**Q** 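Here it is: the structure, laid out below.
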Amino acid sequence: MIKCGIHKEKLDYVVTSGTTGRSAGFYQDKSVLMREWAYVNFIWKRVGYKPDSSRLVLRGKVFREKKLKGKSWQWDALKRELSIDIFKMTKDNLRIYCEKIEKYKPEYIHGYMSAIIVLCKYIEKSGIHHSFSGVLAVSEPVTIEQRMYVEKVLNTRVFSFYGHTERLVMAAECEESTEYHIEPQYGFVELIDSEGNQIWEPGIRGEIVATGFLNEAMPLIRYRTGDIAEWSEKKQCSCGRAHRRLKSVEGRQKDVLLGKNDTRFSVAAINMHSNIFEHVSKYQFYQEKKGEVILKIVSTEEFDKKDIDEMARQIYEKVGNELDVRISVVEDILPEKNGKFKMINQKLEME
């Protein structure tokens, strides 16, 4: 319901995919975006970012401007942004992207971790002279494996924050920790169990429910995000901030694989902390039937049968007999229309 006395024409209409994958729309104040950007700059300051810092942007931007004449990159001198088309990260384009990185020397990488991984795979092989001050990962869950790999290749810190289109929650890592510090003036955060009861104890996973403070035109109260998290077990962070903290955020409830006996496997549960994906540029777990999963992989030139055997061995160590996993080598795995990449693409109807 829109607040009385406010005309729709003075508001922005925002569409989100929602927790079920169906589009949901709502109105928000036109000032919300700029107020959110102030919060983003505030938390990025923890890793040295300044409002005039330059960025390499890898997000879901579609390059349609006629003046670009088919280019898959763009340098915005005013914003100091080098944007690249993450839908066209071919070997030839990645070479061009790295040439532009060397030319414009952006200080930070800002974007989806899935696209950053693809760039790092290329950099690891081909090299790059420019060094970054940090990686600002957004909009996708960041696994331990991804973090370790990117930090190794780029020799810099990965800094992640959690937020969403509804703009109810802003929670970010700090200089000392990878736990998510909740910004109390942005919104109020709760965790609930499957029965709707509040969770306050650490170590118990629950759904994030939030009430936002930014959008006065159409406030969303106790909105169920569908994202899963748990409270930190530590009483105080060594950074000294008194923020409530989330130990981890695992993404949507559907971002799990469902076993034969209804066992649920999240990205964190099946994450393999080894080098078995060293010869893989992309991978995705795809599920249409309970207990059956296809692991799609886009291979590099070094990939061979030994990699498949080792993948299968490590996966079955995690899932046992709950999942029958078939490994399929494919030419490419496309991101969603918004540019985000699903590590788990699950098509089941779940309660």
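From a predicted model like this one, the values you see are computed outputs, not experimental measurements.
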**Q** If hydrophobic clusters are built by linking Ile, Leu, Val, Met, Phe, Trp and Tyr wherever their side-chain heavy atoms come under 4.5 Å apart, do Ile43 and Phe132 end up in the same one?
**A** yes
**Q** Please round to the nearest 0.5 Å and tell me the distance separating atom OH of Tyr286 and atom CD of Gln346.
**A** 10.0 Å
**Q** Do Gln146 and Ile117 pass the side-chain contact (heavy atoms from CB on, under 4.5 Å) test, and can you show the C-alpha distance, the side-chain angles, and the key distance before you say yes or no?
**A** CA-CA 7 Å; Gln146 290 174 328; Ile117 291 287; 4.1 Å; yes
**Q** Tell me if a side-chain donor or acceptor on Thr156 pairs with a main-chain N or O of Gly134 at a distance below 3.5 Å.
**A** yes
**Q** Kindly compute the distance separating CD1 (Ile308) from OG (Ser299), expressed to the nearest 0.5 Å.
**A**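 Going from CD1 on Ile308 over to OG on Ser299, the span is 8.5 Å.
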**Q** Determine, step by step, whether Tyr180 and Ser248 satisfy the side-chain hydrogen bond (donor to acceptor under 3.5 Å, both in side chains) criterion, reporting the C-alpha distance in whole Å, the side-chain angles of both residues, the deciding distance to 0.1 Å, and the verdict.
**A** CA-CA 7 Å; Tyr180 292 90; Ser248 62; over 6 Å; no
**Q** Yes or no on salt bridge (charged side-chain N to carboxylate O under 4.0 Å, His left out) for Lys282 and Asp332, after CA distance, side-chain angles and deciding distance?
**A** CA-CA 8 Å; Lys282 294 181 187 177; Asp332 197 9; 3.0 Å; yes
**Q** Output all residues satisfying ring-ring contact (aromatic ring centres under 6.0 Å, His included) with Phe188, sequence neighbours left out; order by chain, then residue number.
**A** none
**Q** Students often mix this up, so state it plainly: with edges at 30° and 60°, are the rings of Trp73 and Tyr104 parallel, tilted or perpendicular?
**A**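 If you compare the ring of Trp73 with that of Tyr104, the planes turn out tilted.
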**Q** For Lys234, is the NZ atom crowded, meaning more than 12 foreign heavy atoms sit under 6.0 Å from it?
**A**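 Not more than 12 within 6.0 Å, no.
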**Q** Measure the spacing between CD1 of Ile199 and CZ of Arg205 and express it to the nearest 0.5 Å.
**A** 9.5 Å
**Q** Mind checking whether Ile344 and Tyr283 sit in one hydrophobic cluster, side chains of I, L, V, M, F, W, Y counted as touching below 4.5 Å?
**A** yes
**Q** Check side chain to side chain donor-acceptor pair (under 3.5 Å) between Gln284 and all other residues, then give those that pass, not counting sequence neighbours.
**A** none
**Q** With a 4.5 Å cut-off on side-chain heavy-atom distances among I, L, V, M, F, W and Y, is there a chain of contacts connecting Val135 to Ile123?
**A** yes
**Q** Hey, are Lys50 and Glu107 close enough for a salt bridge, meaning a charged N less than 4.0 Å from a carboxylate O?
**A**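 Salt bridge between Lys50 and Glu107, a charged N being under 4.0 Å from a carboxylate O: no.
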**Q** More than 12 heavy atoms of other residues, nucleotides or ligands under 6.0 Å from CZ of Arg313: yes or no?
**A** yes
**Q** Roughly how far, to the nearest 0.5 Å, is the SG atom of Cys98 from the CG atom of Leu56?
**A** 9.0 Å
**Q** Does the side chain of Lys152 come within less than 4.5 Å of Glu124's, by heavy atoms?
**A**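 Yes - at least one pair of side-chain heavy atoms lies under 4.5 Å apart.
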**Q** Using the side chain to side chain donor-acceptor pair (under 3.5 Å) criterion, which residues pair with Lys260? Sequence neighbours excluded.
**A**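 Expected list: Asp324.
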**Q** Could you give me the CA-CA distance, side-chain angles and deciding distance for Leu246 and Ile182, then say whether side-chain contact (heavy atoms from CB on, under 4.5 Å) is met?
**A** CA-CA 8 Å; Leu246 298 171; Ile182 298 171; 4.0 Å; yes
**Q** Has Tyr316 got more than 12 heavy atoms of other residues, nucleotides or ligands less than 6.0 Å from its OH?
**A**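 Yes, enclosed.
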**Q** Can Thr225 and Tyr162 be said to form a side-chain contact (heavy atoms from CB on, under 4.5 Å), step by step?
**A** CA-CA 12 Å; Thr225 67; Tyr162 167 73; 4.0 Å; yes
**Q** One pair to check against side-chain hydrogen bond (donor to acceptor under 3.5 Å, both in side chains): Glu183 and Tyr39. What are the steps and the verdict?
**A** CA-CA 9 Å; Glu183 293 298 323; Tyr39 274 96; over 6 Å; no
**Q** Would Leu295 and Arg326 count as a side-chain contact (heavy atoms from CB on, under 4.5 Å) if you check the C-alpha gap in whole Å, the side-chain angles of each, and the deciding distance to 0.1 Å?
**A** CA-CA 6 Å; Leu295 172 56; Arg326 178 166 62 89; over 6 Å; no
**Q** Among residues at least two apart in sequence or on other chains, which ones pass ring-ring contact (aromatic ring centres under 6.0 Å, His included) with Tyr49?
**A**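 Partners of Tyr49 by the ring-ring contact (aromatic ring centres under 6.0 Å, His included) criterion, ordered by chain and then number, come out as Trp44, Tyr108.
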**Q** Return the CZ to CD distance between Arg222 and Glu190, rounded to the nearest 0.5 Å.
**A**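 With rounding to 0.5 Å, CZ (Arg222) is 4.0 Å from CD (Glu190).
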**Q** Any link between Val57 and Trp75 through a network of hydrophobic side chains (Ile, Leu, Val, Met, Phe, Trp, Tyr) touching at under 4.5 Å?
**A**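 Different clusters: Val57 never reaches Trp75 through Ile, Leu, Val, Met, Phe, Trp or Tyr contacts under 4.5 Å.
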**Q** Heavy atoms, side chains only, cut-off 4.5 Å: are Tyr112 and Leu58 in contact?
**A** no
**Q** Hey, what do you get for OG (Ser281) to OH (Tyr122), rounding to the nearest 0.5 Å?
**A**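 Spacing of OG (Ser281) from OH (Tyr122) equals 13.5 Å.
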**Q** Any side-chain heavy-atom pair from Leu191 and Ile208 closer than 4.5 angstrom?
**A**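 With C-beta onward as the side chain, the pair touches.
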**Q** Mind checking who shares a hydrophobic cluster with Val209, ILVMFWY linked at side-chain heavy-atom distances under 4.5 Å?
**A**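 Val209 clusters with Ile192.
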**Q** A side-chain contact here means heavy atoms from C-beta on lying under 4.5 Å apart; do Ile109 and Leu154 qualify?
**A**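 In contact.
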**Q** Apply the salt bridge (Lys or Arg N to Asp or Glu O under 4.0 Å) test between Glu173 and each candidate in Arg157, Arg46, Arg241, Arg245; give the one that qualifies.
**A**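 Of the listed options, the one satisfying the test is Arg157.
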**Q** Quick one, Gln28 with Tyr13, criterion side-chain hydrogen bond (donor to acceptor under 3.5 Å, both in side chains). Give me CA distance, side-chain angles, the key distance, then yes/no.
**A** CA-CA 7 Å; Gln28 68 179 19; Tyr13 185 69; over 6 Å; no
**Q** Can you tell me if Ser83 and Gln74 form a side-chain donor-acceptor pair at under 3.5 Å?
**A**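 Their side chains do not contain a donor-acceptor pair, so the 3.5 Å distance test is not met.
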**Q** Look at atom CD of Gln236 and say whether more than 12 heavy atoms of other residues, nucleotides or ligands are closer to it than 6.0 Å.
**A** yes
**Q** Show, in sequence, the C-alpha distance, side-chain angles and deciding distance for Glu301 and Lys91, and conclude whether the salt bridge (charged side-chain N to carboxylate O under 4.0 Å, His left out) test is met.
**A** CA-CA 12 Å; Glu301 295 175 356; Lys91 183 181 291 186; 3.6 Å; yes
**Q** Does Asp304 CG have over 12 foreign heavy atoms under 6.0 Å away?
**A** yes
**Q** Linking I/L/V/M/F/W/Y whenever their side-chain heavy atoms sit closer than 4.5 Å, directly or via other members, would Leu33 and Phe213 fall into one cluster?
**A** no
**Q** Lys306 and Glu310: salt bridge (charged side-chain N to carboxylate O under 4.0 Å, His left out), yes or no, with the steps?
**A** CA-CA 6 Å; Lys306 290 187 294 184; Glu310 184 59 20; over 6 Å; no
**Q** Determine, for Arg224 against Glu207, whether the closest basic-nitrogen to carboxylate-oxygen distance falls under 4.0 angstrom.
**A** yes
**Q** Please step through side-chain hydrogen bond (donor to acceptor under 3.5 Å, both in side chains) for the pair Ser72 and Tyr97, ending with a clear verdict.
**A** CA-CA 9 Å; Ser72 57; Tyr97 297 158; 3.1 Å; yes
**Q** Between Arg167 and Glu36, is there a side-chain N and carboxylate O pair less than 4.0 Å apart?
**A**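 Salt bridge: yes.
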**Q** Please test Lys305 against Asp309 for salt bridge (charged side-chain N to carboxylate O under 4.0 Å, His left out), starting from the C-alpha separation and ending with a verdict.
**A** CA-CA 6 Å; Lys305 187 178 182 300; Asp309 293 340; 3.1 Å; yes
**Q** Quick check: do Val280 and Phe303 have side-chain heavy atoms less than 4.5 Å from each other?
**A**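 Val280 vs Phe303: side chains touch.
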**Q** Checking Lys100 now: which residues fulfil side chain to side chain donor-acceptor pair (under 3.5 Å) with it, not counting sequence neighbours?
**A** none
**Q** Is there a donor-acceptor contact under 3.5 Å from the side chain of Asp29 to the main chain of Val32?
**A** no
**Q** Just by distance, with hydrogens left out, do Glu145 and Thr143 show a side-chain donor and acceptor under 3.5 Å apart?
**A** no
